[in-house]
Amino acid sequence: MPQFVAVLIIFCSVLVISQLLRLSEVLVNLGLSMENIFLPFIYVILSFVSMIIPMSFLFSVVLVFARLSADGEYAAFLATGLPLRRVIMPVMLFGALLCGVSTYCAMNLEAWGRRELGEFLTRKSKLELDNIIK
């Protein structure tokens with residue numbers, strides 16, 4: 001679980017950094033307030049979270065099993081008679097749970113995040129234009 005959270009945070013950070021150039025224009029035009037900084041990034045992350053979750057899970061599973069193998073713990077599991085099915089069962093259950101979460105995010109949060117980002121930019125642009133006119 002800690003590896004999954006760490007990889008998820010790393011992937012979200014990479015995504016935010018890659019979108020920083022695109023959203024920097026918004027930040028410059030609309031001003032630097034907490035709302036103008038964090039909301040666009042949250043909306044962008046929500047658009048990609050359905051892809052980030054499976055990638056994070058896969059990378060964390062590879063990290064965990066590589067560590068088990070490198071430390072010789074997997075060989076110790078097999079030597080004690082622990083079957084592979086029992087070792088993999090928590091991974092499969094967590095993977096099934098994340099599959100459901102990822103599916104929900106793909107069906108609902110992705111479209112919602114894109115729509116809210118467009119509405120946020122439209123609302124802030126209109127507010128900025130009204131302030132210029134006044």
Output yes when a side-chain donor or acceptor of [X] lies under 3.5 Å from a complementary backbone atom of [Y], and no otherwise.
X    : Y   : value
S102 : P54 : no
S13  : I9  : yes
S60  : S56 : yes

Exercise. Any chance you could lay out the side-chain contact (heavy atoms from CB on, under 4.5 Å) test for F94 and M1, step after step, and finish with the verdict?
Key: CA-CA 9 Å; F94 190 60; M1 193 69 165; 3.5 Å; yes

Would you give the length of the straight line joining atom [atom1] of [X] to atom [atom2] of [Y], rounded to the nearest 0.5 angstrom?
X    : Y    : atom1 : atom2 : result
R85  : M89  : CZ    : CE    : 7.0 Å
L98  : L58  : CG    : CG    : 11.5 Å
E119 : Y43  : CD    : OH    : 8.5 Å
L46  : C105 : CG    : SG    : 7.5 Å

Self-check item: Over 12 foreign heavy atoms within 6.0 Å of CZ, F59
Solution: no

Quiz prompt | Qualifying residue for side-chain contact (heavy atoms from CB on, under 4.5 Å) with F57, from V91, I52, L8 | solution =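 Output: one option passes, namely V91.
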
Exercise. Give every residue pair that meets the salt bridge (charged side-chain N to carboxylate O under 4.0 Å, His left out) criterion with at least one member in residues 62-71, sequence neighbours excluded.
Key: R67-D71

Self-check item: L63-M55 co-clustered via ILVMFWY side chain contacts under 4.5 Å
Solution: yes

Quiz prompt | Check against side-chain contact (heavy atoms from CB on, under 4.5 Å), F4 and V61 | solution = CA-CA 8 Å; F4 172 73; V61 166; over 6 Å; no

Exercise. Dump the intermediate steps for side-chain contact (heavy atoms from CB on, under 4.5 Å) on F77 and L84, then the final yes or no.
Key: CA-CA 9 Å; F77 285 154; L84 179 63; over 6 Å; no

